Amino acid sequence: MQGGSGFNAVPPPFDKSRVLDVKPLRSLRPIFPNANEAPPFLCPSPSGPFPPGYSPFYPFSMPSPSETPDVNQPEEPPTWTPPAAPAPIRAFRTPEMANGDVDQSGKEAGPSNSKKRTSSRTRGSTSSQKKEKRSKFHLDPAITANYVVPISQAQREDGTRDVVDCVLITFDGLRRRLSQLEDAKEVPSGLARRSDLRAANILMTKGFRTNMRKRIGVVPGVEIGDIFFFRMELCMVGLHSQSMGGIDWIGGKGSLDEEPLAVSIVSSGYYDDDAEDKDVLIYSGQGGAMTRDKPVGDQKLERGNLALERSMRRANEVRVIRGIRDVANPNAKIYVYDGLYVIQESWMEKGKSGANTFKYKLVRVPRQPEAFAVWKSIEKWKENVSSRPGLILPDLTSGAETIAVSLVNDFDDEKGPAYFNYCSTPKYSKTFAIVQSSYGCGCRKGCTAGDLNCSCIRKNSGDLPYTTNGVLVSRKPLVYECGPSCPCGANCKIRVSQSGLKVRLEVFKTKDRGWGLRSYDPIRAGAFICEYAGEVIDKDRLKKKLQEGDNDEYIFDSSRSYEPFKWNYEPGLVGEEATNGASGDSDIPSPVIMTAKDFGNVARFMNHSCNPNVFWQQVIYEENNESFLHIAFFAVRHIPPMTELTYDYGTLSQEGDDSLNLRKKKCLCGTSKCRGYFVL
DNA sequence: GAGACCTCACATTC
DNA sequence: CGAATGTGAGGTCT
């Protein structure tokens with residue numbers, strides 16, 4: 001995920017200047033360097049003098065840069081070693097098997113034997129070693145044992161952007177796969193529910209997590225504006241390690257000289273917090289709420305409440321995560337990391353039920369990039385498009401898409417991109433129809449997961465390629481969607497990419513890369529964004545076009561070389577040798593080349609990045625009794641609103657052709673993985 | 001070290 | 001659709 005709050009062409013995915021802004025705000029550096037060596041608690045006056053070993057408090061004095069962990073250090077990408085042998089997750093044990101074989105699964109899980117190693121009381125550098133406990137779930141050992149954990153011990157303690165991305169992408173890949181199995185009821189009931197918890201449990205048991213060392217302030221690799229779709233995601237990247245609790249803290253384990261200090265809170269609306277203001281949050285303490293076996297009671301100054309109280313006295317920063325109702329899925333919440341806050345005051349008041357409730361007034365530390373504030377602005381723009389500053393056109397598609405796409409320039413005076421014809425689907429000439437016997441499935445009521453009588457599901461190797469939420473489960477050489485001759489209705493789960501835009505997009509002027517594309521809505525990993533529409537041409541015509549000096553900057557070419565990246569949880573499908581899940585695979589009838597110079601859709605505005613947040617996937621479905629390939633774009637990871645959408649344009653597979661080499665351009669993606677150039 | 005306790009989840013059902 | 005409900009997880013703490 002990329003930080004995504006810049007209004008003005010912040011080059012995602014990694015705007016270093018923005019992160020630099022955050023750094024000085026970090027104040028109290030290791031308060032508890034080590035539980036065993038920590039000096040007794042001291043509370044210096046804000047203006048000093050400060051006891052040795054303590055940094056002064058912000059804002060009275062800035063911490064010295066050398067004491068601030070450098071979020072922007074060159075990152076060591078996690079080395080990714082796929083398992084030696086493919087281990088499909090489909091191989092779940094039945095409960096009977098698992099119960100009869102508990103010892104074996106424990107043994108096979110490897111690290112689980114090491115739980116004696118450290119006392120659970122030790123904190124600091126050894127804290128993560130105790131975590132390698134046994135999973136509660138009885139999985140086929142082949143799933144867990146073969147899995148090489150690509151997270152080093154150091155990365156487990158302290159993350160980087162790449163490690164955080166890796167953890168989240170792996171988590172959601174596994175979660176989607178489990179969810180797919182659950183939908184298909186391929187797993188014994190009861191084992192499959194809550195794929196989020198199960199995925200997190202499997203990975204965390206293997207030590208597949210980061211930032212386990214709890215800390216006050218900045219969490220390396222997590223950026224303000226990052227979004228999460230499950231509480232477990234917050235745990236896995238060390239942003240907030242309580243799986244349910246709203247307040248997370250360190251210290252205070254019963255000893256008097258070690259007071260608890262809050263590190264983070266999640267405001268999700270369970271208590272009546274006041275979360276309307278973008279910079280101020282009135283947060284309720286924990287406890288006292290009515291549960292099944294307990295009536296409403298007064299809150300006590302203990303646990304999280306005590307930690308918040310102590311953090312207020314010390315003017316410590318507290319990370320704030322705001323839970324927001326997901327408009328696309330009203331049952332669910334999206335968690336937005338809104339940066340650091342300080343607690344300005346606290347009081348006790350009578351809640352609705354008459355019981356005493358703690359209240360904390362948290363105020364956002366200034367000079368941080370906007371996050372929640374962006375959401376508030378977008379809310380207004382969506383109500384009334386003309387309130388969007390810099391708006392040129394409310395809908396540049398002139399109604400061709402199901403959802404309007406704004407054209408905005410809040411950067412300079414340019415009035416819009418060069419003229420082109422908007423078309424929402426690719427223009428194929430007859431010669432490109434795929435010779436393929438086309439036949440529909442027979443599902444009258446819509447295709448249901450696990451129904452192997454459905455020929456469309458069978459074409460997708462027996463899986464429904466999308467989850468119930470319409471999220472793509474795995475990258476594949478080809479995804480088969482239902483077509484017009486399928487009797488399933490338009491609401492069929494296998495009609496995701498053909499049903500048009502789902503998120504509110506904006507074409508905007510970037511600061512140095514022409515026009516770009518971004519979204520007002522949050523986009524979760526695997527969600528469909530748009531397809532690539534243009535005129536389909538063949539290789540020869542492309543070559544000729546370029547030799548004639550046509551300066552076409554809107555080419556899509558699936559036959560280029562694409563940087564491999566791991567997205568599916570399943571090892572083997574998209575492995576180290578496979579490229580973009582496409583080229584070189586015999587499943588692909590023919591490469592797809594399109595130009596969107598004269599005819600195209602929003603996808604023509606997506607810029608290149610060497611570390612993109614969007615990937616393409618070939619999709620096929622039949623139209624007018626002939627099948628055509630489509631290029632559909634899906635989110636690599638969760639993408640916060642207003643983050644520029646980018647994909648990898650790929651590199652040329654055959655070097656030496658001058659007309660092609662001329663199309664190399666200097667890359668401005670600014671990511672740590674930048675190759676230095678890209679190909680138009 | 002085992003287990004009780006705490007908790008602003010989530011999905012499903014009504 | 002909101003409320004009710006059941007099954008949860010990691011961390012804290014005894």
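Scope of the values below: all heavy atoms of this structure, side chains included, with no hydrogens, waters or symmetry mates. In this text the structure is predicted, and so the values were computed from the model without any measurement. Numbers restart at 1 for each chain; the letters A, B, ... are given by sequence-line order, proteins then strands.
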Closest listed nucleotide, where the reference is the side chain of A/Met232 and the choices are C/dA9, B/dT12, B/dC6
C/dA9

Would you indicate which nucleotide in B/dT7, C/dG11, B/dC10 comes nearest to any side-chain atom of A/Arg209?
C/dG11

Main-chain N/O of A/Leu340 paired with A/Gln368 side-chain donor or acceptor, under 3.5 Å
yes

Determine whether a donor-acceptor pair (N or O, by modelled atom type, separation under 3.5 Å) exists between the side chain of A/Arg209 and the backbone of A/Leu203.
no

Applying salt bridge (Lys or Arg N to Asp or Glu O under 4.0 Å) to A/Asp248 and A/Arg319, what does each step give before you reach the verdict?
CA-CA 10 Å; A/Asp248 194 13; A/Arg319 296 188 294 271; 5.3 Å; no

Nucleotide [N], atom [atom2] - distance to [atom1] of [X] in whole Å:
X: A/Leu306; N: C/dG11; atom1: CG; atom2: P; answer: 20 Å
X: A/Gln286; N: B/dC5; atom1: CD; atom2: C1'; answer: 12 Å
X: A/Asp196; N: C/dG8; atom1: CG; atom2: P; answer: 12 Å
X: A/Arg303; N: B/dC8; atom1: CZ; atom2: C1'; answer: 14 Å
X: A/Met204; N: C/dG11; atom1: CE; atom2: P; answer: 5 Å
X: A/Arg325; N: B/dC8; atom1: CZ; atom2: C1'; answer: 13 Å
X: A/Arg231; N: B/dC6; atom1: CZ; atom2: P; answer: 18 Å
X: A/Ile250; N: C/dC13; atom1: CD1; atom2: P; answer: 12 Å

What nucleic acid atoms does A/Gly287 come within less than 4.0 Å of, heavy atoms only: base, sugar-phosphate, or nothing?
sugar-phosphate

Indicate whether OP1 or OP2 belonging to [N] is found under 4.0 Å from a side-chain N or O atom of [X].
X: A/Asn201; N: C/dG10; value: yes
X: A/Lys333; N: B/dA9; value: yes
X: A/Tyr335; N: B/dC10; value: yes
X: A/Lys214; N: C/dG10; value: no

Taking donor-acceptor contacts at under 3.5 Å, does the side chain of A/Arg194 reach the base of C/dA9?
no

No-H, no-angle donor-acceptor pair, A/Asp273 side chain to B/dC8 base, under 3.5 Å:
yes

Option passing side-chain hydrogen bond (donor to acceptor under 3.5 Å, both in side chains) with A/Asn356 (candidates A/Lys300, A/Lys350, A/Glu349)
A/Lys350

Going by number, which of residues 235-248 of chain A have a non-hydrogen atom under 4.0 Å from DNA chain C?
A/Ser241, A/Gln242, A/Ser243, A/Met244

In dot-bracket form, 5' to 3', how is DNA chain C paired? Count Watson-Crick and G-U wobble pairs only if both distances fall under 3.5 Å, and write | where the partner sits on another strand.
.||||||.||||||

Which pair of non-hydrogen atoms, one from [X] and one from [Y], has the smallest distance, and what is that distance?
X: A/Val503; Y: A/Pro522; answer: CG1-O, 4.3 Å
X: A/Asp226; Y: A/Pro640; answer: CA-CG, 4.3 Å
X: A/Arg495; Y: A/Ser499; answer: O-OG, 3.1 Å

Report yes or no: is the ring centroid of A/Tyr283 under 5.5 Å from the six-membered base ring centroid of B/dC8, with the two planes under 30 degrees?
yes

Hey, is A/Lys376 close enough to A/Glu276 for a salt bridge, meaning N to O under 4.0 Å?
yes

Less than 4.0 Å between a side-chain N and a carboxylate O, is that true for A/Arg177 and A/Asp463?
yes

Of A/Gly285 and A/Asn329, the one whose nearest nucleotide on DNA chain B sits closer to the 5' end is A/Gly285

Name the residue from A/Lys214, A/Arg215, A/Arg213 that meets the side-chain contact (heavy atoms from CB on, under 4.5 Å) definition with A/Asn211.
A/Arg215

